[in-house]
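For reference, positions follow the sequence shown, starting with 1.
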Amino acid sequence: MENFTFYNPTKIIFGRNTQHEVGQEIIKYGKKVLLHYGGGSIKKSGLYDEVMTSLKNSNLEVYELGGVVPNPLLSLVNEGINLCLEKQIDFILAVGGGSVIDSAKAIAGGVKYEGDIWDCYSKGVTLSDALPYGTILTLPATGTEMNFRSVITKDDTLEKRGASFPNPTFSILNAELCATLPNYQVANGIVDMLAHLFERYFTNTKNVDITDRQIEAVMKSIIELGVDVYQDPSDYDKYAQIMWAGTIAHNYSLCVGRETDWATHQIEHELSGMYNVAHGAGLAVLFPNWMKYVYHHDLDRFVQFATRVMNVEPDFFNPEKTALKGIEAVITFYKKLNMPLTLKALGIDEKRIDELALLSTRNNTIKQGNFVKLDTEDIKQILLLSCAGD
Ligand code: NZQ
Ligand code: ZN
């Protein structure tokens with residue numbers, strides 16, 4: 001196990017009706033709040049009115065910036081930064097899914113940064129200061145509600161990149177708010193949170209049984225409850241568990257002391273940046289093929305995954321077969337969620353594989369991943385595997 005420092009300052013307010021507490025939380029930070037949201041789901045569901053009531057009850061002065069799109073754009077981030085500076089906003093409240101929260105993070109950082117906020121995404125500039133911001137999560141998936149990451153797409157070049165900012169001060173997690181989610185978005189979220197666990201589980205670090213077992217428990221819970229919430233997002237008791245699973249899958253507590261991978265996420269960001277596909281759907285296509293490409297690197301770990309997580313009966317004479325059955329079981333799970341499984345199903349032109357592979361390695365200047373370090377040719381092979389299948 002490697003040395004680590006773990007610090008996660010986000011206060012979590014979890015449970016039924018907790019959205020009504022939002023005004024009381026924000027008033028601790030100032031009077032002027034920017035309400036940031038997406039394309040209108042919060043207005044349809046009635047959440048917008050509930051939030052407004054809570055903010056007004058705490059005598060907050062509310063400004064609004066809606067219109068965040070899935071795969072959120074830099075142009076709206078810049079609009080938000082200018083609005084905050086002009087109106088001298090004290091606090092940003094993000095109400096929505098990962099895209100809205102990531103956009104709010106960038107605005108919060110941009111208000112305190114003298115340069116172009118895209119520097120954080122393109123040059124890895126890390127900001128230690130940001131305007132305080134909080135979230136009401138409506139789509140369990142990304143884990144952004146309790147972490148320091150933000151992923152933004154630059155409008156003109158379609159580059160989709162990640163950056164680090166201070167965490168949200170608080171996040172309100174009420175699974176009742178998930179009842180209005182389209183089934184497809186529920187499925188994207190489940191695939192994404194599971195992927196955050198895969199990125200942590202497949203590691204070269206030894207003596208990490210404690211986090212292995214913790215990750216396995218969360219993966220198993222997601223697999224056991226995932227199809228049920230996909231079919232019925234209004235099942236509070238099940239979705240509340242999935243919601244918390246999504247948060248802990250990516251709040252960095254489950255990867256303490258271990259190396260993580262992230263190659264699949266990096267490749268996926270090229271797909272969703274260029275083709276505007278949902279992040280979860282892109283991961284469903286790529287992850288099984290990443291697994292097929294790398295499992296030889298540590299067969300024992302893949303056998304452990306197959307038997308402990310995917311309930312595969314071990315074949316002691318043929319560990320490779322056991323490992324492959326584990327990967328097949330992941331695909332079977334995705335099928336139950338009606339996820340796309342090929343690039344074609346995502347609407348991606350197979351002729352652009354070379355270009356996507358080169359983008360993933362920034363024109364051969366970096367490798368992706370840690371479990372196995374992938375160069376452009378490796379990524380091309382994974383993308384080719386992603387063309388096949390059913
Ligand atoms: O925009 P609205 O109208 O709100 O509709 C959204 C959107 O169309 C809808 N939705 C959300 N909650 C709803 C709802 N519809 C009905 N009822 C509700 N309760 O769902 C659609 C998708 O929302 P989005 O926020 O885009 O999805 P998600 O939460 O999956 O976020 C995806 C983004 O997060 C990034 C992804 O790359 C992608 O850009 N990620 C961020 C991470 C992070 N910051 O740590 C890590 C992840 O790996 C990921 O990269
Ligand atoms: Zn993800």
Yes or no on side-chain contact (heavy atoms from CB on, under 4.5 Å) for T142 and D192, after CA distance, side-chain angles and deciding distance? CA-CA 6 Å; T142 61; D192 191 21; 3.6 Å; yes
Evaluate L73 against I152 for side-chain contact (heavy atoms from CB on, under 4.5 Å), listing each step before the verdict. CA-CA 6 Å; L73 295 171; I152 296 290; over 6 Å; no
List the steps, then state whether side-chain contact (heavy atoms from CB on, under 4.5 Å) holds for Y63 with L35. CA-CA 6 Å; Y63 296 84; L35 174 58; over 6 Å; no
Report the C-alpha separation of I117 and L74 in whole Å, then their side-chain angles, then the decisive distance to 0.1 Å, and conclude whether the side-chain contact (heavy atoms from CB on, under 4.5 Å) test is met. CA-CA 9 Å; I117 192 63; L74 181 64; 3.8 Å; yes
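Without hydrogens or angle criteria, T10 side chain to P168 main chain gives a donor-acceptor distance under 3.5 Å. Without hydrogens or angle criteria, T211 side chain to V208 main chain gives a donor-acceptor distance under 3.5 Å. At distances below 3.5 Å, at least one donor-acceptor pair connects side-chain atoms of D378 with backbone N or O atoms of D375. Listed for the N147 side chain is a donor-acceptor partner under 3.5 Å among the backbone atoms of H250. Judged by distance alone, with hydrogens and angles left aside, the side-chain atoms of S103 form no donor-acceptor pair with the main-chain N or O of P72 at under 3.5 Å. T203 places a side-chain N or O within 3.5 Å of a backbone atom of E259 that can act as its donor or acceptor partner. Side-chain atoms of T322 come within 3.5 Å of backbone atoms of D315 as a donor-acceptor pair (strictly under, hydrogens ignored). Listed for the E50 side chain is no donor-acceptor partner under 3.5 Å among the backbone atoms of H20. Under the 3.5 Å distance criterion, the side-chain polar atoms of N289 are left unmatched by any main-chain donor or acceptor of I382. In terms of modelled atom types and a separation under 3.5 Å, the side chain of T361 and the main chain of L358 share a donor-acceptor contact.
Taking hydrophobic clusters as Ile, Leu, Val, Met, Phe, Trp and Tyr residues chained together by side-chain heavy-atom distances below 4.5 Å, L127 shares a cluster with L34. If you chain together hydrophobic residues whose side chains sit under 4.5 Å apart, V125 and L131 fall into the same group. In the hydrophobic clustering of this structure, V151 does not group with V68; members are Ile, Leu, Val, Met, Phe, Trp, Tyr whose side-chain heavy atoms approach within less than 4.5 Å, directly or through other members. Under the 4.5 Å side-chain heavy-atom criterion for grouping Ile, Leu, Val, Met, Phe, Trp and Tyr, L225 is connected to M339 within one hydrophobic cluster. F316 and F302 fall into different hydrophobic clusters, where Ile, Leu, Val, Met, Phe, Trp and Tyr residues are linked whenever their side-chain heavy atoms come under 4.5 Å apart, directly or through other members.
The closest side-chain heavy-atom distance from V330 to L194 is not below 4.5 Å. Taking 4.5 Å as the limit, some side-chain heavy atom of D119 sits within range of a side-chain heavy atom of Y113. Inter-residue side-chain proximity for I353 and Q381 is flagged as unmet; no heavy-atom pair is nearer than 4.5 Å. Looking at W290 and L374, their side chains come closer than 4.5 Å, going by heavy atoms from C-beta outward. By the 4.5 Å heavy-atom criterion applied to side chains, F91 and K31 are not counted as neighbours. Using a 4.5 Å heavy-atom cutoff, the side chains of Y48 and E64 are in contact. Here the side chains of L271 and L286 are in contact, with some heavy-atom distance below 4.5 Å. Side-chain atoms of E320 and Y295, non-hydrogen and from C-beta on, do get closer than 4.5 Å to each other.
Among residues at least two apart or in separate chains, side-chain hydrogen bond (donor to acceptor under 3.5 Å, both in side chains) pairs with a member in residues 72-86 are S75-D155.
In this structure, a donor-acceptor pair under 3.5 Å is present between the side chains of T260 and W262. With hydrogens and angles left out, the side-chain atoms of N59 and K56 include no donor and acceptor closer than 3.5 Å. A donor-acceptor contact closer than 3.5 angstrom is absent between the side chains of T180 and S45. T264 and E268 are not linked by any side-chain donor-acceptor pair at a separation below 3.5 angstrom, with hydrogens and angles left out of the test. The closest side-chain donor-acceptor pair between K160 and Y121, if any, does not fall under 3.5 angstrom. Side-chain atoms of S122 and R161 form no donor-acceptor pair, as typed in the model, at a separation below 3.5 Å. One side chain, T247 or E145, offers a donor N or O that lies under 3.5 Å from an acceptor on the other. There is a side-chain donor-acceptor pair under 3.5 Å between Y230 and N338. Between the side chains of N204 and H297, at least one donor-acceptor pair of N or O atoms lies under 3.5 Å.
Salt bridge status for R352 with E355: present, with a side-chain N to carboxylate O gap under 4.0 Å. R200 and D261 are not joined by a salt bridge, as no carboxylate oxygen comes within less than 4.0 angstrom of a charged side-chain nitrogen. Of the charged side-chain nitrogens involved, at least one lies within less than 4.0 Å of a carboxylate oxygen, so that K238 and D228 count as a salt-bridged pair. Using a 4.0 Å cut-off between charged nitrogen and carboxylate oxygen, R16 and E176 count as a salt-bridge pair. Salt-bridge check for R258 with D212: passed, with a basic side-chain N closer than 4.0 Å to an acidic carboxylate O. Ion pairing between R362 and E270 holds under the 4.0 Å rule for side-chain N and carboxylate O. Contact check on R308 versus E216 returns a salt bridge, with a Lys/Arg side-chain nitrogen under 4.0 Å from an Asp/Glu carboxylate oxygen. Using a cut-off of 4.0 Å between Lys/Arg side-chain N and Asp/Glu carboxylate O, K11 and E25 are scored as salt-bridged.
The shortest heavy-atom contact between N8 and N167 is OD1-ND2, 3.0 Å. Closest non-hydrogen pair, P140 versus L181, comes out as CD-CD1, 4.1 Å. Closest approach of Y239 and A175 over heavy atoms only: C-CB, 3.7 Å. Taking all atoms of both residues into account, the shortest heavy-atom contact from L65 to H36 is O-ND1, 2.8 Å. The minimum heavy-atom distance between I215 and L254, with the atom names listed, is CD1-O, 3.6 Å. In this structure, I101 and G96 approach most closely via the heavy-atom pair CD1-O, 4.1 Å.
Screening N364, N363, D354 for a side-chain hydrogen bond (donor to acceptor under 3.5 Å, both in side chains) involving T376 leaves a single residue, N364.
Crowding of F6 atom CZ: a count of heavy atoms from other residues, nucleotides or ligands under 6.0 Å exceeding 12. Atom CG of N17 is surrounded by more than 12 heavy atoms from other residues, nucleotides or ligands within 6.0 Å. No more than 12 heavy atoms of other residues, nucleotides or ligands sit less than 6.0 Å from atom NZ of K344.
Ring orientation note: the planes of F14 and W244 are nearly perpendicular, at an angle over 60° on the 30°/60° scale. Ring planes of F287 and F198: perpendicular class, angle over 60° (limits at 30 and 60°).
Judged by a 6.0 Å distance limit and a 45° cone about the ring axis, R301 is positioned over the six-membered ring of Y201.
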